[in-house]
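The structure appears below as structure tokens.
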Amino acid sequence: MGQRSGRQERSKKPEVALSETVEAEIEVQNNKEEVEEVKAKNQKLTSVFGMADLKNEAVGLYNLGQTCCLNSLLQVFLMNIHFTRILRRITVPSSAAQRRSNVPYQMLLLLEKMQYGKCKAVCPEDLAYCLSKHRVELFVQYDAAQLFLTLWNLLKKQMKKPELVEELSDLYTICIQEHLVCQKCSFEIKSNSTMLTLPVPVLDANSHRLRTLVDCLQYFFCPEELTGQNKCFCQQCGRKTPFLQSMKLVHLPQTLTLHLKRFCFERSSHSHKLSHSLPFPQELDFREVLTENQCQADDSEKAAWQYELFAVVAHSGSTSCGHYCAYIRSLTECKWYCFNDSHVCQVSWDDVKCTYGRSNLNWRETAYLLFYMKKHPQ
């Protein structure tokens with residue numbers, strides 16, 4: 001029995017070893033599956049998120065010659081995950097020549113270069129060359145609001161899929177209804193129009209400074225009398241008469257762009273920058289900003305009018321000589337970054353508030369474009 005017991009003990013050892021080997025193989029297999037699952041998730045995230053969201057590093061863009069305005073706007077586009085979702089679904093042009101002159105495709109290549117490269121900054125020379133074919137030249141000082149419109153129009157024009165064009169419009173365009181009422185006969189004219197940016201005045205009609213962004217928005221939607229040289233032709237009266245003009249908000253997009261009109265152009269063709277302080281909030285609810293008479297939207301539309309600040313394009317300097325940079329909040333990390341051409345760093349909300357402006361410092365950074373994003377999109 002002793003011998004039989006010994007044989008049984010010896011026979012158990014390889015069974016234990018086999019069991020451990022099987023368990024180890026299962027563990028290795030599980031690890032492989034986990035790794036593959038992580039890779040698959042990363043690939044899926046890559047197709048959804050904008051640049052720098054996976055590796056938690058923001059990537060800069062080298063200045064090619066007065067391209068600080070272009071660089072700032074590109075960063076705002078490419079950090080917007082709703083925009084990059086559209087960009088990744090474009091139709092790739094068939095020929096090399098078409099690819100070189102296609103703005104959406106070149107922007108997609110730049111996104112890939114920023115996302116998968118190991119450099120802290122990349123050179124957008126191919127996109128710059130592409131834009132030069134569409135009269136967006138280097139070594140030219142651009143207005144950020146005008147260049148934003150130019151880029152958006154090129155994107156919209158060169159996206160071949162109708163559904164992507166529609167999504168791009170839904171993402172950025174604002175719908176306003178203009179009301180004109182004749183003050184003599186009450187003849188009324190209504191017309192809807194779409195715009196990419198909401199041009200927000202920072203001064204009232206008497207050149208008094210508006211104190212906050214909410215004040216500016218409320219002033220924009222206030223009725224205005226059109227008299228003197230601004231009279232309109234009334235079909236019913238058969239002559240030019242005073243009209244009352246008012247704006248009503250119909251629809252707000254997923255990404256709302258506000259253009260603070262800080263550049264003042266006078267009749268003498270002289271222009272100057274308005275650098276006074278204009279605070280803007282991190283959260284903006286248009287249902288609290290506008291009255292019922294200033295809205296032409298149903299309750300389901302207005303329910304989505306709650307916004308969070310996503311990006312600020314700031315301008316420093318004068319109208320004739322200036323510099324742009326962008327402050328952008330990462331949608332995945334919820335951290336603020338300052339994109340100053342090739343230099344990128346993480347900043348705080350207090351740093352962003354420094355772009356409110358100060359009257360005695362005309363050369364200091366002041367917010368020029370504000371990008372708000374819906375908190376609860378429909």
Side-chain angles (χ1 to χ4, degrees), residues 36-61 70-119 121-131 133-134 136 148-173 196 253-257 310-311 326 328-334 337 339 344 371 373-374 377-378:
E36 291 300 321
E37 186 178 351
V38 169
K39 285 182 179 178
K41 283 183 178 179
N42 281 346
Q43 288 174 355
K44 187 176 181 181
L45 287 171
T46 303
S47 67
V48 174
F49 292 146
M51 72 90 178
D53 285 314
L54 284 179
K55 56 186 179 182
N56 295 330
E57 289 182 11
V59 181
L61 293 170
L70 174 64
N71 287 347
S72 298
L73 293 173
L74 289 175
Q75 296 284 13
V76 173
F77 271 119
L78 298 180
M79 284 290 284
N80 187 337
I81 60 177
H82 305 288
F83 172 75
T84 55
R85 283 173 184 167
I86 298 172
L87 193 63
R88 290 187 181 278
R89 289 154 49 212
I90 64 169
T91 301
V92 177
S94 55
S95 71
Q98 288 175 331
R99 290 193 289 272
R100 283 193 296 268
S101 62
N102 187 275
V103 175
Y105 178 71
Q106 290 300 327
M107 198 177 284
L108 178 60
L109 290 184
L110 180 62
L111 171 64
E112 300 291 336
K113 193 175 178 181
M114 296 170 81
Q115 198 168 53
Y116 296 113
K118 297 180 180 179
C119 302
V122 300
C123 190
E125 72 275 15
D126 291 336
L127 178 57
Y129 172 78
C130 171
L131 289 170
K133 289 180 170 291
H134 302 282
V136 181
F148 181 60
L149 177 61
T150 300
L151 291 174
W152 190 84
N153 282 331
L154 286 170
L155 286 165
K156 185 180 177 183
K157 182 180 178 182
Q158 293 189 309
M159 282 188 181
K160 301 301 181 183
K161 295 180 180 178
E163 64 271 21
L164 295 187
V165 174
E166 185 178 351
E167 286 183 40
L168 187 67
S169 297
D170 290 342
L171 182 59
Y172 285 107
T173 54
L196 184 64
Q254 168 67 31
T255 303
L256 172 65
T257 309
F310 163 62
I328 307 173
R329 179 173 58 87
S330 168
L331 297 178
T332 53
E333 298 176 280
C334 295
Y337 289 92
F339 294 83
V344 183
F371 296 83
M373 199 163 286
K374 278 185 178 177
Q378 289 175 314

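Counting heavy atoms from C-beta on, the side chains of Phe339 and Met79 come closer than 4.5 Å. Taking 4.5 Å as the limit, every side-chain heavy atom of Leu155 sits out of range of all side-chain heavy atoms of Tyr172. Using a 4.5 Å cut-off on side-chain heavy atoms (C-beta onward), Leu127 and Leu70 make no contact. Thr150 has its side chain out of reach of Leu131: every pair of non-hydrogen atoms, C-beta onward, lies at least 4.5 Å apart. The shortest side-chain heavy-atom distance between Asp126 and Leu110 does not fall under the 4.5 Å cut-off. With a 4.5 Å cut-off on side-chain heavy atoms, Asn102 and Cys130 do not count as touching.
Asp170 and Thr173 get closest at one heavy-atom pair: N-OG1, 4.3 Å. Annotation for Leu149 and Leu196: closest pair CA-CD2, 3.7 Å, computed over non-hydrogen atoms. The two residues Lys374 and Pro253 make their nearest non-hydrogen contact at CE-O, 3.3 Å. Contact record, Leu78 with Met114: CD1-SD, 3.7 Å, taken as the closest heavy-atom pair.
Under the 3.5 Å distance criterion, the side-chain polar atoms of Lys113 are matched with a main-chain donor or acceptor of Cys123. Within the 3.5 Å criterion, the main-chain N or O of Lys161 finds no donor-acceptor partner in the side chain of Glu166. At least one donor-acceptor pair closer than 3.5 Å links the side chain of Gln106 to the backbone N or O of Arg99.
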Run Val165 and Leu168 through side-chain contact (heavy atoms from CB on, under 4.5 Å) and show every step you take. CA-CA 5 Å; Val165 174; Leu168 187 67; 5.7 Å; no

Which is it for Trp152 and Leu171 under the side-chain contact (heavy atoms from CB on, under 4.5 Å) test, yes or no, and what are the steps along the way? CA-CA 11 Å; Trp152 190 84; Leu171 182 59; over 6 Å; no

Please lay out, stage by stage, how Asn80 and Phe310 fare under the test side-chain contact (heavy atoms from CB on, under 4.5 Å). CA-CA 9 Å; Asn80 187 337; Phe310 163 62; 4.0 Å; yes

Does the pair Leu74 and Met107 meet the rule for a side-chain contact (heavy atoms from CB on, under 4.5 Å), with working shown? CA-CA 8 Å; Leu74 289 175; Met107 198 177 284; 3.7 Å; yes

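Expressed to the nearest 0.5 Å, how far NZ of Lys157 lies from NZ of Lys160 amounts to 8.5 Å. To the nearest 0.5 angstrom, Leu108 atom CG is 5.0 Å from Ile90 atom CD1. Atom-to-atom distance recorded for Ile86:CD1 and Leu164:CG is 7.0 Å, nearest 0.5 angstrom. Note that the CZ atom of Arg88 and the CD1 atom of Ile81 stand 11.5 Å from one another [nearest 0.5 Å]. For the atom pair CD (Gln158) and CG (Asn153), the distance works out to 11.0 Å, reported to the nearest 0.5 Å.
Using cut-offs of 30° and 60° on the angle between ring planes, the pair Phe77 and Phe83 is tilted.
Take Ser101 and apply the side chain to side chain contact (heavy atoms under 4.5 Å, CB included) test, not counting sequence neighbours, and it matches Lys133, His134.
The environment of CD in Gln98 is crowded: more than 12 heavy-atom neighbours from other residues, nucleotides or ligands sit within 6.0 Å.
Remark: Glu167 engages Arg89 in a salt bridge, criterion side-chain N to carboxylate O under 4.0 Å.
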